[in-house]
Structure formats: structure tokens, C-alpha cells
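To keep things clear, I will list the structure first and then write my remarks on it.
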Amino acid sequence: MKLKKGNITPILFMLPTILFLGLFIYIPLIQNFYNSFFEFSVFSQSKEFVGLSKIKELFVDEVAIIALNNNVKYAIISVLLQVFFALVLAAILEDKFFRRFAPALRVIYFMPVMISISVIALLFGFVYNPQIGLLNSFLELLGIEQLAKPWLGNSTTAIYSVIAMSQWQSIGLITMLFIVSIQKIPKELYEAAEIDGAGKIRRFFSVTVPQVKEATFVNLLVTVTGSILVFNEPYILTNGGPGNSSMTLAVHMYQTGFIKDDMGYASTLASLIFLLSAVFALIQIKVSKTGKED
Amino acid sequence: MIKTNLKKSTFPSTIPTNKMKLPVQTRITKNIVLLGLLSFAVIILYPLFWMFISSFKSYQEIYSNVWALPTEWKFENYSLAWSKGISSYFFNSVYVTASTIVLTVIIGSMAAFVLSRYKNRWIDAALLFTIGGLMMNPQVALIPLFEILTITNLLDTHWALILTYVAYRLPLTIILIRAFFLTVPKELSESALMDGCTEFGIYWRIYLPISLPIVITSVILTAYFAWNEFLFATVFINSSELKTIPSGLMVFRDALRTDWGVLLSGMVIATVPMIVLLIFLQKYLVRGLAEGSVKG
């Protein structure tokens, strides 16, 4: 419909959205880049212009390198488990033989997705607890207690323990998304492949995988973006420690700003996080647009 | 089809022999796979089951025997958790979540109406503006939002959460609802216009009622987000009595130290509403996840 002159309804209807997005999304974004050039504190209104020095700081910040490294580990493990494993899991759940069990299993796998991350993280505090932890006592039960560790207190295992918890929580979500897109595949394709003598594994690779290519790509991008932004899990479980061993960029940003009170440098870190995640978000918007749209 | 027929006739013998051999072998692989699926289900369920069971135990019992069922079911853990703070976190969460839902759905559907019904340069720009909002993330906006909320004196009020939650839920909500609005037949609104219906009337009496399923989907996705959001809830709210459940649980943990049974009861209380929501409305939730292809 053409917009008629004098019809102010559209403007009135759009106005709240424009205000909300402008005030709380776009202005903060610009403000954040602007802040990267200043030295300032949470408690004072005054900002001191320091030019590029906060950005230079980024290149010699060892904690940022550890954090970036952990974000990359997060991304790699999440892609392997959440995208590839979840796709296989979804295909198995959609298989005829497992139809009977699939509905119950689907709900079980999906359950942690609905639970608040603070509950999950507190719960895994108990799972990883060195004295009473479920994980250590399970290893003891199996008779391999020499593998028991203070999982979160050990600088080599801390980040992997955090990542493992994230996988535990999120696999169900990606599996569900794959199930939805597998259900959209025309049945004839499978029937034809079966008549051609293709076994289950063959059918998975020559029918399922190509048919859910777009969903796979979107899930991949969502997972990578999520790994760049990850904050809650390491913040609640380890607060980046021990040392800085389980630091991620977002936790580093939070600590720099609100604990060390260096808001300028925290803004620089936030800008870095934005630039990294924006690349993947842009690709995602492009990809999901080609799929449907009017 | 021709290809398949050919194969069938060229190798008629391979199919029967396959059928003779496969069953035993496949039954074994199938059972192995099933075992794998079930063990994975146990890995997911056991910690949740443990949380529930242990929420009835005393500290000594959790400490001395992690695996056992409680010898004495301490239901008072729940009343203690409720009276020691969870009730106020719970009602704060209900208030913030409900307000976020109402504002997000009303503002979002109004924008979606405009973005689906009209076409010109400005509308295209507005659509781009909305979609662009998807790229921004709470983590990145944390410090500037903290400044804005300080200046406007909204810090440490529920509005700090409601307003920012609405802003971050709007882009996805608008895109979801707009996609549905685009499928509403033009004839409906044209005949309504003839009958003297206003633009607002078309939105309120035709578009909104027709789109109830997608509105429910948006409500659930927003509820899930607002109920569980942690970062803003931690940074923007300082007073313990204003905290929502996710950030309140952290205060709770620090205050209780060794009252693990009570802490676990609080965690169960925080979880139940979302599980109930999942059970009743899973159809809409799955649909929303699939169509929105998930954001935050």
C-alpha cells in the first residue's frame, strides 16, 4: 500500500520503536565507540580525552589475548558439539526406529534450555565441587578417582569445565532447530534414496545434510556469535579465574569497567566484541534474508 | 524414477540377501544408538533430578552423602527460601517480565503493522533500522546504557530493566510478527476500509486477532528472555529488594554460604515457572525458535 500524504498513523505507530531502538541500541553503540577515546570512571561525570591510547593498550593486554583465546576455544568446541553433534542427534531422533522414544527424549534434551543460566551455573558449582561434587564422586564410583580434580580451581581445566556446562545447556536448543528443519524435508527424497539402495548413513549424507544446509549455516553463525559474547557462564562459575585462565572478552570487559573502574578501556574491549560479533551477525542477516522474505 | 527402476532390475538379487543379513546387525547398532541416546538423557536429567532431591536435604546430608535420597524430607527448605528473599525476587521477576511482555508485544506489533502494510523509501529505511537492531548485543551496550540510566535517574529501578529488555526484544519480535502480517489477505482490510474502519481499527480488530499464534510465540520468547536475563539484572539493580530471580540468586548464595538445601530450593522455585510454560506452550515455542532462527 502506498503511503498517503497526511496519514500520520504509520508515524505514530513506528515512533515508540524508533525511540526505543534509538535510545537503547543505536545511541549506546555510538557512545561506546566515542568512550573508547576517553579516560573516565563510573563515579565521575568528567571524561578526559586520551586519543588512541586505550586502543593501543589493547595490543599489549595479555589478559585480552587469553580471553580471545578462550573465546576461540568456546567457538570451536561449540561448533563441533552444537552444530555437528546436534545435527546427528536430530537425524537419529527423526529416524523411524526411534519414533517411539523421540518425543520424550526431545523434551528431556530441551529442558536445560528453559532454565535460567544462573540456576544452571549454581548447579554446576555443585557438580564440579572438589569435595562433594557429582563429577568427582562419579569418577570414584567408577574406580578412577585419580582423574578427580578441583575442576574449576585448576587453571587448565577451568575453561573446559565452563565450556562443557554451556554445551550441556544448549545442545537441546540446536537439536530442536535441526529437527524442525529435517521435518520440512519432503518424504519422497528419502523414499527415492531408499529405493536406490542407500543405507541410513548414506541417506544422512546425501539427503539430510544438503537439505538442511541453510539451517546449518545459520546455527553455525549463531553459535559462533554466542561464543564471542559469552559472559554469564564464566562470570558465575569462575569469574574468569583461577588467575585469568577462564577469562572471556565479555568478563574482561565487565571487570575492567565495573571492578577496576577503567571505563574507557572497557569501552574499547566492548567495541572489539561488537566488531567481532557484527561480522557474523551481518552474514546471518544476509543469509536468512535470501531464504524467505516477500 | 527411471534410474531407480533400472537399479532394481539390474541387481534383483542384492535386495533379498541384504534383507536376510541386515536385521541382526542393524538391531545391534540400533540398540547401541538407543543406549547412547538414553545415556545422554541421563546426563541431562540427573543433575536436575539431583537439584530437586537435594533441595529437601540438610547441609550435613548433602555433604555426607551426595547420592542418597533424603532420610528426612525437609519441606521447610522451601518455606525458608521463600521467606528469606526468593518471594521478593519472584514477584520482581513477575513484574518485570509482565511489563516487558506487554510493552514489547504492543509496540512491536504496531511497528510490524506499519512495516508490513506500507511501502515507500521511509518504510524501507525503518525496516533496515529495525533489522540492524539485531546486531547489537547487551554485552556491548552495557557501559553506555549504564551512563544513560545514571543520567536519567533510572538506575536501580525496575524501569532500567523493563525499558532495556523491551528495546532488545523489539527487533526480533517485529520481524516475527511482520512475517505473519504479510500473509494477511489484503481484501480483509480493504473491505474494512470501505465500511469506514480506521487504520487503528484495522490493526486492532483485524491484524492482531488473526495473528494470535505468532503473538503467543512472541510472548513466550519475551517471557523466557526477561525471566532469565542476568547481565543487566546484575549491573543495573543494586538494592537487594529490587533484584529479579537470576541476580537475586547470587545474593542468596552469598548470604547463605552453607545452607545448601535452602539455596537449592530457591533454584527449583526459579526453574518451575519456565518448565510449566514449556509444557503448556511448547508448540508455540518451537515454532518461534524455528522462525526466528534464534537470537539471544
Side-chain angles (χ1 to χ4, degrees), chain A residues 1-3 9-10 13-14 16-18 20-21 24-25 28-29 31-32 35 92 97-98 101 105 108-109 111-112 114-119 122-123 127 132 134 137 168 176-177 180 192 195-197 218 222 229 231-232 250 253 257-258 263 266-267 270 273-274 277-278 281-282 285 288 294, chain B residues 4 7 30 33 37 41 44-45 47-48 50-51 62-63 66 107 110-111 113-114 117-120 126 129-131 133-137 139-145 148 163-164 166-167 170 174 182 199-200 228 230-231 235 245-246 249-250 253 267 270-271 274-275 278 286 289-290 293-294:
Chain A
M1 187 175 174
K2 278 271 177 218
L3 200 53
T9 318
F13 271 38
M14 265 321 280
T17 297
I18 290 174
F20 265 97
L21 297 194
F24 298 114
I25 292 186
L29 178 60
Q31 181 78 18
N32 193 66
N35 282 346
I92 292 173
F97 182 80
F98 300 105
F101 313 97
L105 289 173
I108 291 172
Y109 296 162
M111 235 177 232
M114 293 301 288
I115 301 175
S116 166
I117 188 64
S118 42
V119 172
L122 288 176
L123 177 59
V127 171
I132 67 133
L134 295 181
S137 38
W168 181 88
M176 199 65 111
L177 294 175
V180 177
I195 295 168
D196 279 347
V218 171
V222 169
L229 298 166
F231 172 82
N232 299 338
M253 183 267 292
F258 291 94
M263 288 302 218
S267 306
I273 297 172
F274 173 77
S277 64
L282 267 179
I285 289 169
S288 36
D294 38 330
Chain B
T4 45
K7 267 199 174 165
K30 273 170 180 170
V33 173
L37 289 178
I44 298 284
L45 272 188
L48 298 175
W50 182 87
M51 171 170 89
I62 297 176
Y63 204 92
V66 212
I107 295 174
M110 278 165 40
F113 177 74
V114 174
R117 216 169 127 69
Y118 303 100
K119 248 191 158 56
N120 74 10
F129 186 78
T130 309
I131 294 175
L134 280 177
M135 281 173 47
M136 191 62 165
N137 291 286
Q139 289 86 331
V140 178
L142 188 67
I143 292 164
L145 281 176
I148 291 170
L163 296 176
T164 49
V166 171
L170 274 177
I174 293 172
L182 285 171
E199 280 294 302
F200 180 79
N228 291 333
F230 179 78
L231 178 62
V235 178
I245 287 182
L249 277 176
M250 297 299 132
R253 172 188 63 178
M267 287 154 64
T271 306
M274 284 299 118
I275 299 287
L278 169 69
V286 171
L289 295 174
S293 256
V294 164

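Naming: A, B, ... by sequence-line order, numbering from 1 per chain. The figures here come from the full heavy-atom set of this structure, side chains too, leaving out hydrogens, waters and symmetry mates.
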Do [X] and [Y] come close enough that some side-chain heavy atom pair is under 4.5 Å?
X	Y	answer
Ile275(B)	Met111(A)	yes
Met136(B)	Phe274(A)	yes
Trp50(B)	Leu134(A)	yes
Ile117(A)	Pro246(B)	no
Leu37(B)	Phe101(A)	no
Trp168(A)	Pro47(B)	yes
Ile115(A)	Leu48(B)	yes

Against chain B, label [X] side chain, backbone, both or neither, depending on which of its atoms sit under 4.5 Å from a heavy atom there.
X	result
Ser137(A)	both
Phe97(A)	side chain
Ala250(A)	side chain
Ile108(A)	both
Met176(A)	side chain
Phe258(A)	side chain
Leu122(A)	both
Asn35(A)	side chain

Next on the checklist: Please enumerate all residues that pass side chain to side chain contact (heavy atoms under 4.5 Å, CB included) together with Leu282(A), with sequence neighbours excluded.
Outcome noted: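 Partners of Leu282(A) by the side chain to side chain contact (heavy atoms under 4.5 Å, CB included) criterion, ordered by chain and then number, come out as Met135(B).
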
With a 4.5 angstrom heavy-atom cut-off, which part of [X] approaches chain A: side chain, backbone, both or neither?
X	result
Leu170(B)	side chain
Leu163(B)	both
Tyr63(B)	both

Checklist entry - In terms of the angle between their ring planes, are Phe200(B) and Phe13(A) parallel, tilted or perpendicular, with boundaries placed at 30° and 60°? => result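 It falls in the perpendicular class, over 60°.
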
Next on the checklist: For chain B, which candidate among Ile18(A), Val119(A), Leu29(A) shows the most heavy-atom pairs at distances under 4.5 Å?
Outcome noted: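 It is Val119(A).
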
Checklist entry - If you count heavy-atom pairs under 4.5 Å between each of Met253(A), Met14(A), Gln31(A) and chain B, which one has the most? => result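 Going by pairs under 4.5 Å, I would pick Met14(A).
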
Where [X] and [Y] come nearest, the two heavy atoms and their spacing:
X	Y	result
Ala167(B)	Ile25(A)	O-CD1, 3.5 Å
Asn228(B)	Ser116(A)	OD1-CB, 3.0 Å
Phe24(A)	Thr164(B)	CD2-CG2, 4.1 Å

Give, for atom [atom1] of [X] and atom [atom2] of [Y], the distance between the pair rounded to the nearest 0.5 Å.
X	Y	atom1	atom2	answer
Ile107(B)	Leu21(A)	CD1	CG	9.5 Å
Met267(B)	Leu123(A)	CE	CG	5.0 Å
Leu231(B)	Phe231(A)	CG	CZ	5.0 Å
Ile143(B)	Ser267(A)	CD1	OG	4.0 Å
Met110(B)	Thr9(A)	CE	OG1	10.5 Å

Checklist entry - Relative to chain A, which of Met274(B), Met250(B), Met51(B), Lys30(B) shows the most heavy atom pairs under 4.5 Å? => result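 The residue among Met274(B), Met250(B), Met51(B), Lys30(B) with the greatest pair count is Lys30(B).
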
Checklist entry - Which one, Ile62(B), Leu145(B), Thr130(B), leads in non-hydrogen pairs under 4.5 Å with chain A? => result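 Heavy-atom pair counts peak at Leu145(B).
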
